[in-house]
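None of these values were measured; they are calculated from a predicted model.
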Amino acid sequence: MIGKVFTPEKWRHAEFFYHTGVMSLLLLAVVCLLFLCIFLLYVKSHKWRSVAIFGGMLLMCGVVYLVGNSYYGVYYTYMPDVQPNIRDRERAFIGYKYYDGATMTAYTHIQNIAGIEKLGIYEAKPVEREIEYLGYAYGSVYFKVGAQQYYLRTTPEFQENATAKLIGVQYHLKASAAGFKQLGFFSETNNFLTKVVLPMSEKSVVYEQKDGKMSKDFTVNQNEWAANK
């Protein structure tokens, strides 16, 4: 869990180390290696002092990396789960690169529930949204959210005396992790769908297309639900 091994400040330092520091060390190491080769192959006299200098710098690069990696190495355990559905930026070689609107929208349908919970800095709160159930066909649930008609390839959960609805979770940044907000982490996430609940009385309803109306794939068109509109 991030909260147990990283403070916001340590996370910022880890990002700097891997995205700026390591790249700088690599460039310096390449330069040192190049000069070592030049002195060893082409310089005939008084070369060992220069070889010692550049060799020492090359060794220093390795030591700095090993020490930094031993301190910040767990960063790569969590970094893949920090996606644009919970953060508005990513670390670049110099500063931060902010995600554009298209990227942010595309990630509204990414169900990264396990990854978010692994971070340990968010708490889940249940959310739901009533839908108009249209029927089941071709392995998909057909329904309407507002005026838009969708289909979703899933196995719904039928319950007695239930209303048709989407069930999910929304994650809220814990008070103990509030400092991560300064690094671009969202205080609230999108809604993440966990299941579709339908009334047992409508279990036998089969979807039939009417008036040539086409349904959108809910998996990639769930902005209305995901953004909690």
Side-chain angles (χ1 to χ4, degrees), residues 1-16 18-19 72-92 96-131 141 143 145-146 148 150-157 159 162-198 216-229:
M1 298 172 67
I2 281 185
K4 291 185 177 181
V5 294
F6 282 104
T7 62
E9 189 70 8
K10 185 177 177 181
W11 180 267
R12 185 175 65 83
H13 289 164
E15 289 185 314
F16 176 83
Y18 284 109
H19 297 276
Y72 296 119
V74 72
Y75 167 78
Y76 274 107
T77 301
Y78 301 105
M79 189 269 287
D81 296 310
V82 180
Q83 300 177 1
N85 51 18
I86 65 169
R87 195 184 186 190
D88 65 3
R89 71 198 73 169
E90 63 180 346
R91 180 70 198 192
Y96 287 93
K97 176 184 176 183
Y98 287 79
Y99 299 116
D100 58 35
T103 299
M104 302 290 285
T105 299
Y107 269 83
T108 57
H109 69 270
I110 301 297
Q111 298 286 95
N112 188 31
I113 292 177
I116 294 174
E117 293 186 348
K118 186 175 77 174
L119 296 177
I121 59 175
Y122 285 95
E123 59 182 350
K125 295 187 178 181
V127 291
E128 61 182 52
R129 175 75 177 269
E130 290 193 8
I131 59 175
V141 176
F143 59 92
V145 176
Q148 182 58 55
Y150 299 97
Y151 71 89
L152 175 65
R153 294 189 180 279
T154 188
T155 301
E157 182 178 307
Q159 298 178 358
T163 57
K165 55 189 174 183
L166 306 175
I167 299 291
V169 293
Q170 184 186 47
Y171 290 93
H172 295 250
L173 197 63
K174 294 179 179 178
S176 59
F180 283 93
K181 188 175 180 180
Q182 304 302 319
L183 299 178
F185 286 77
F186 299 147
S187 57
E188 296 180 357
T189 70
N190 295 323
N191 294 342
F192 294 91
L193 182 68
T194 55
K195 62 182 177 181
V196 179
V197 172
L198 300 172
K216 291 184 177 181
D217 183 354
F218 187 72
T219 302
V220 295
N221 292 281
Q222 55 177 295
N223 290 358
E224 185 176 358
W225 150 262
N228 198 26
K229 294 179 180 178

Nearest atoms (heavy-atom pairs only) where [X] meets [Y]:
X: Leu183; Y: Arg87; result: O-NE, 2.7 Å
X: Arg91; Y: Glu15; result: CG-O, 3.7 Å
X: Val197; Y: Ala162; result: CG1-CB, 3.9 Å
X: Arg89; Y: Gln182; result: NH1-O, 3.7 Å

Rounded to the nearest 0.5 Å, how far does [atom2] of [Y] lie from [atom1] of [X]?
X: Gln170; Y: Glu123; atom1: CD; atom2: CD; value: 11.0 Å
X: Phe185; Y: Ile121; atom1: CZ; atom2: CD1; value: 5.0 Å
X: His172; Y: Glu188; atom1: NE2; atom2: CD; value: 4.5 Å
X: Thr103; Y: Asp100; atom1: OG1; atom2: CG; value: 3.5 Å
X: Gln148; Y: Phe218; atom1: CD; atom2: CZ; value: 10.5 Å
X: Glu128; Y: Thr163; atom1: CD; atom2: OG1; value: 6.5 Å

[X] side chain to [Y] backbone, donor-acceptor under 3.5 Å:
X: Asn112; Y: Asp81; value: yes
X: Tyr122; Y: Phe186; value: yes
X: Thr194; Y: Ile167; value: yes

With a 6.0 Å cut-off (strictly less than), is the heavy-atom count around [atom1] of [X], excluding the residue itself, greater than 12?
X: Lys97; atom1: NZ; result: no
X: Lys216; atom1: NZ; result: no
X: Lys181; atom1: NZ; result: no

Taking C-beta and beyond as the side chain, do [X] and [Y] meet within less than 4.5 Å on heavy atoms?
X: Tyr171; Y: Ile86; answer: no
X: Tyr150; Y: Ile131; answer: no
X: Leu193; Y: Leu152; answer: yes

>> Aromatic contact between Tyr107 and Tyr99, with the criterion being ring centroids under 6.0 Å apart: yes or no?
In response: no
> Got a salt bridge between Arg12 and Glu9, using NZ or NE/NH1/NH2 to carboxylate O under 4.0 Å?
Replying inline: yes
>> Using the rule side-chain contact (heavy atoms from CB on, under 4.5 Å), only one of Thr154, Leu166, Thr155 pairs with Val141; which is it?
In response: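 Filter result, single survivor: Thr154.
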>> Out of the candidates Tyr78, Tyr75, Tyr18, Tyr72, only one should pair with Trp11 under the ring-ring contact (aromatic ring centres under 6.0 Å, His included) rule; please name it.
In response: Tyr75
